[in-house]
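For reference, the structure discussed in these notes is given below.
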Amino acid sequence: MKFASSYEPNEYEADIYACWEAADEFLPGGRVFHGQPSEKTQSHYSIVMPPPNANGNLHIGHGLTIAIEDALTRYHRLRGEMTWYIPGADHAGFETWVVYERALEKQGHTRFEYSRDELYARVWDFVQEQRGNMELQVRALGASCSWKDLTFTLDENVVRRVYATFEKMWNDGMVYRGEKLVNYCTKHQTAFADIEVEHKDEKGKLWDIAYKVVQEQSSASSEDALLTQRTSSTSRSGAPSSSHLATPEQPLELVVSTTRPETLFGDVAVAVNPEDKRYKNLIGKAVRLPLTDREIPIIADEHADPEYGTGAVKITPAHDNDDFEVGERHNLPRIQVISFDGKMLDNCGPEYAGLTTAECRKKVLKDLKEQGLLRGEKEIVHSVAHCYKCDTVIEPMLKEQWFVDVKKLAKVAIEHLEAGEIKFFPANKKNVLINYLKGLKDWNISRQIPWGIAIPMFRADDGEWIFDSRTNLAEIEIGGKRYKRDEDTFDTWFSSSHWPIVCTDWEEGAVNPYYPLNVMETGADILFAWVARMIMMGLYVTGEVPFSEVYLHGLVLDAHGQKMSKSKGNVINPMELVGKYGSDAFRMGILRGRSAGMNQAFSEQSVVAGRNLCNKLWNVSRFIQEIVDSEQSEQSLSHETLNPGEDWICREINEAKWAIESQMKNYRFSEAVETLYSLIWDKYADWFIETEKIYRNTGLLKETLMAILKMLHPFAPFVTEAIWQNLSWTEGLLISAKWPADFKFDPISAENFEKLMGVVSTTRSTLQALTEAHKGFSKAETVMLYGDDSLVDDNQVLVQKLTGVASVISCEGQPRGLRLPVANHEVYLDVDADVVADYAQALENKILAVGRELDSLNMRMMNPNYVDKAPAELVNETRTLIVEKEELIERLKKEREAI
RNA sequence: GGAUCCUUAGCUCAGUUGGCUAGAGCGUACGAUUCACAUUCGUAAGGUCACAGGUUCAAGCCCUGUAGGAUCCACCA
């Protein structure tokens, strides 16, 4: 006996995985086809793994990803397709850099002690040391991916492809070097793309600051030449909301509203709305910038909202995105006043230089107050950008960076999306994506961190930039001219956007049946960051969309629907669950109750249910193997059906199979698991196996079990393969078996079995009611009688076994006992009159009890005070209850009359 | 400010072009017990499908609005 009495996943999983891998089953087409040209008729199926961090551990989201992707992979493999699931490992540029830098700091060092090349080499070693866990964990989850094709995001072929694309873009004029405001983290000292920034609503303050107006003396053009005709320094008190209209006699001031007073050193203008009557006659004049001796112009710009604050806004093009644009429109200078490490620069004056922005803000406010220029402060809630790793406030900074001009890329992507070339699950994400692409701004791809793919651009002293892929050299010489390497690296999304291209080894002009991918499966949270960019880049590089379908999964939340986080302490480790319940249980558990694109809760309970199903199937198999072993002669496989239960299970298996085929096509994994659960447990084990305890049709038992193992394999690969290997009559490996064919059956016979199930169920429920009603009633001593009923007559033994009565016999003459309420069947339980009486009495008691409840409810409704004064909800509830109770009484009465 | 999604049993969720006597897992109650499985078997209870209107022979599903929750995008000084 190979089958232990329960399935112990830990005893099988590692060996089975090793066996698949050794047999090269994960290669496309498996061992049979590998290395040979595929048959033309054979269809191909390709899917790539979103690369987990090479030196990290898997989290619950990876668990879901692999459960889905491997189910797809195994399903298509069983369907006979050349299936290629390509695994990946991510250098995780910024993520890993943050981890490494923290380690470096712990050792008392900083990144600034080393050159970029040194740092790169150090992180490389660091990653190699930490590497390995992730891949072991992916294996433990059962992913049938082709390890020989593992792609690391820093692999040579990836870098080569990324450089080729960059060069093409450079030649096409689609990348440019530009000085713009970029999102900058002063802690990590690198820029980010817009999408990498986290906006949070925060409480802040809006300060009103008075800027003194000076009269313009001449029409000097340069900003320094705005001359001053000093007005009286007597300040004018009053609320900022009051009018600041200029009259020739009065000293003038313009009160601006700002949340960032420390940036005033970088102000180059004050803007008011051209339609704002309050300030109309100030436009073109100048104000004196507080705490400095600079004078700046008052300009008219739509950006100033008359409704907000005082309606006058200071313009700081070097440190604010809006102001940057205003500055462009009015051709204003940009004055950087905050350094890249977050401190105030020398141009803020000796009192402020060197302070952090926070310190500077304090001092500026204090000084303004002392000078009587602070006119008010108001609490407001506004959205503030933060670094998604360290939470530092993102500083918009003026910086020269490489930008991708995305307009063309986005336009092409939108055209292909609108043409329906990519099918989305859930479908609404297509429009969400189109919407995003329509508003996409140029993409900053430079990062000031050493861990990543070096940008292949070199600059001469005269400012000329050239492309060259020799990024291992800090300096190159071409035609006697020396060029220095740009020290920045690419945004990881720039290289990741090539993922389908690099994983499938796409090459220009070569036939590649695996590109485009059949499906891209990933998290809905990176639709914009990744999916959008893969589509744009795929189209740019290959002219084709990179995948024909996109399946997006949502976040896995904890059992109460809360986001998992270390600080909340509600993080579930997938590997712990795998260790405790087995990989299959985890996979089925996490797919349960989950649909595309939605953030949904997850709990251990569903994994327990999965574990139980594995054990159930194990024991079904064990039982069938026992029957096979007990047979005298070897029985061949057969489709032959001999009794209604057999026709019925054949019908049910066919229907389940068709359901699964449609569910897989539509990415309805949860429903597919439900279908299998119900087929295996509620149908196969609870009814079919029970009938086979009598009939023992070994041929059909073998055949049906094999079909079920194949159908469950995509979701529970280990237990199904373990069973397959343990069964005496199966051959080869289940992983490369053939999807089952339809079973033949007699539909009338199958229908008859369903009727028989009705008889059995009603009998069971009546027996239960009798047990509760009459002390000493025993179903094991009760005889079941039947009248003129050929179906029951043909299946006496079966009905007896399934109901647990003493015997089932034809009733001669007048039937006696209790008639069972089954339509179209004359069946009785031969019980004594006093048992019937007790049963009738039980029904009667119930009728009376419900009657009493009904009376009291009616009494309540007849009380006019109650109806008038009680809350309407309560009154309605009472009305509903009355209707319900009346219906219940009717039902019970009918049942009692039938006795 | 814009967008998307969600609200169905005690909990977590299904419910695909409207046809429903609204399902599952877990949980609850009652009963069973050596012969595949206590990771078992049987039975039962439990739902104004968020709310208010509308379309239809028919609405959990379609339309309009309201309330609550989640997520994403956006430059509000």
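Per chain, numbering begins at 1; letters A, B, ... match sequence-line order. Keep in mind the model is a prediction, meaning the values are calculated, not measured.
- Between A/Lys801 atom NZ and B/C41 atom C1' the separation is 11 Å, expressed in whole Å.
- Judged by distance alone with a 3.5 Å cut-off, a donor-acceptor contact links the side chain of A/Glu690 to the base of B/A36.
- No side-chain donor-acceptor contact under 3.5 Å links A/His553 and A/Gln600.
- Nucleic acid contact class of A/Lys378 (heavy atoms, under 4.0 Å, all strands): none.
- Taking a pair as Watson-Crick or G-U with both hydrogen-bonding distances under 3.5 Å, the stems of three or more pairs touching RNA chain B are B:1-7 with B:67-73, B:10-13 with B:23-26, B:28-32 with B:40-44, B:50-54 with B:62-66.
- Counting heavy atoms of neighbouring residues, nucleotides and ligands inside a 6.0 Å radius, atom NZ of A/Lys693 exceeds 12 of them.
- Residue A/Ser765 is in sugar-phosphate contact alone, with no base atom involved, counting any heavy-atom pair closer than 4.0 Å across all strands shown.
- Minimum heavy-atom separation, A/Gly610 to A/Met588: O-CE, 3.6 Å.
- A/Ser670 places a side-chain N or O within donor-acceptor distance of the main-chain N or O of A/Gly593, the cut-off being under 3.5 Å.
- Taking atom CG on A/Asp686 and atom P on B/C37, their separation rounds to 15 Å, with Å as the unit.
- With hydrogens and angles left out, the side chain of A/Arg592 and the base of B/U12 share no donor-acceptor pair within 3.5 Å.
- In this entry the distance linking CZ of A/Arg622 with C1' of B/C35 reads 12 Å, nearest Å.
- Residue-environment remark: NZ (A/Lys568) exceeds the threshold of 12 foreign heavy atoms within 6.0 Å.
- A/Arg611 places no side-chain N or O within donor-acceptor distance of the main-chain N or O of A/Gly582, the cut-off being under 3.5 Å.
- At most 12 heavy atoms of other shown residues, nucleotides or ligands fall within 6.0 angstrom of atom NZ in A/Lys801.
- Straight-line distance from the CH2 atom of A/Trp681 to the C1' atom of B/A36: 12 Å, rounded to whole Å.
- Using atom P as the reference point in both B/G18 and B/C63, the two lie 10 Å apart (nearest Å).
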| request: Test side-chain hydrogen bond (donor to acceptor under 3.5 Å, both in side chains) on A/Asn273 and A/Tyr279 and set out the steps. | output: CA-CA 8 Å; A/Asn273 194 287; A/Tyr279 303 127; over 6 Å; no

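- Whole-Å rounding puts the A/Arg668 CZ to B/C13 P distance at 17 Å.
- Between the CZ atom of A/Arg260 and the P atom of B/C75 there is a distance of 15 Å, given to the nearest Å.
- Per the geometry, CG belonging to A/Asn615 stands 10 Å off P belonging to B/C37, to the nearest Å.
- Checked by distance alone, A/Gln768 brings a side-chain donor or acceptor within 3.5 Å of a matching partner on the base of B/C30.
- Residue A/Leu613 is out of contact with every strand shown, counting any heavy-atom pair closer than 4.0 Å.
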Heteroatom pairs (N/O) under 3.5 angstrom, protein to nucleotides 67-70 of chain B:
none

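- The CG-C1' distance, from A/Asn273 to B/A77, rounds to 13 Å in whole Å.
- In this structure, the side chains of A/Ile299 and A/Val326 come closer than 4.5 Å at one or more pairs of heavy atoms.
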